[in-house]
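Working notes, beginning with the structure itself.
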Amino acid sequence: MSTYLTILGFNSAIPTINTSPTAQLLEMEERCFLIDCGEGTQVQLRKAKARFSKINHIFISHLHGDHCFGLPGLIASFRLLGRETPLHVYGPKGIKKMLETIFSITETHRGFELVYHELGKDYSEKIYEDNRVEVFTIPLDHRIYCNGYLFKEKPKERHINMEEVSKYSEIETCDYHNLKAGKDFVLSDGYVLKNEILTTTPAPSVSYAFCSDTRYLESVIPIIKNVTVLYHESTFLHDLKEMADYTGHATALEAATIAKKAEVGKLILGHFSNRYGDLTVFTDEARTVFPNSYLPKALECVKI
Ligand SMILES: [Zn+2]
């Protein structure tokens, strides 16, 4: 299975006719992760033809409205759609109080379990793991407590080459587990069948790092080293570096510098201030440092 990222919204602060605040949908190894949930995210999910029932894990970077005000509405819709499976919400300490207060005052009832994973550490930690995917926090430096998230496919099993395997009656189905793990097979006469003949190499495991609102922060570099794709906010151009620092944001030049130092495969910029009309100024600036920098397009589905 390939990994796809759909950019649902990439603007900062105020939604406009054509742009929505931050939200992304990451489909990795058949899991569906929603990352941030700005106002209007459920409409964007509809436009992207996403299946709401597939979203079981939501990761919120911080509790500023442009990253989480879409969450109460989305959760209310889940209930109206008859959801029964638990929903896991990861976010800063306080997210439970925020949501439960809204649900209480508005008498919004849920027919499913909401499992909160409140975060407060200032170092990277693994917060999700299954047999194919791991998710880690990326502590950031914003005006309030904020995390990015690193999503990693685990190393994949090798594929059985049935054409070769079927030539040897000694190899049974119960041996496939060892073959997929990369082990050779020893025949009863002692002859060693090399694993690379009996199996084929799987597609490389990919990774995606989401660096939400943050000042330029070099401590993220070792966490996101060599990721396949990095999203990094770039609210301003570098001539407004002072403004960026003051408001807890980064510039396109700084996002590109992080991408270069972390030796990532590709950089996607985002969270642009509404003061800019033509967004190509962001890639123009970023590409002076990191040529593989791109602008997001609304509802674009990017293969990771
Ligand atoms: Zn923001």
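With Leu198 as the partner, the side-chain contact (heavy atoms from CB on, under 4.5 Å) test is satisfied by one option alone out of Asp184, Asn161, Ile160, Ile171: Ile171. Tested against His271, the residues Asp213, Asp36, Thr22, Thr214 include a single side chain to side chain donor-acceptor pair (under 3.5 Å) partner, Asp213.
With respect to Glu129 and Lys154, a salt bridge is recorded, a charged nitrogen being found less than 4.0 Å from a carboxylate O. By the 4.0 Å N-to-carboxylate-O rule, Glu263 lies too far from Lys260 to be salt-bridged with it. A salt bridge links Lys121 to Glu125: at least one charged side-chain nitrogen sits closer than 4.0 Å to a carboxylate oxygen.
Taking the six-membered ring for Trp and thresholds of 30 and 60 degrees, Tyr208 and Phe210 have ring planes inclined between 30 and 60 degrees apart.
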Expected list for residues 87-95: side-chain donor-acceptor pairs under 3.5 angstrom, two or more places apart:
unit_1, atom_1, unit_2, atom_2, d
His88, ND1, His117, NE2, 2.8
Tyr90, OH, His57, ND1, 3.4

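For Glu153 (side chain) and Val206 (main-chain N/O), a donor-acceptor pair under 3.5 Å exists by modelled atom type. Not a single donor-acceptor pair under 3.5 Å links the side chain of Tyr216 to the backbone N or O of Leu253.
Judged by the 6.0 Å and 45° rule, Arg46 forms a cation-pi pair with Phe52. Arg275 forms no cation-pi arrangement with Phe236, by the criterion of a distance under 6.0 Å to the ring centre and an angle within 45° of the ring axis.
By the 4.5 Å heavy-atom criterion applied to side chains, Thr85 and Asn56 are counted as neighbours.
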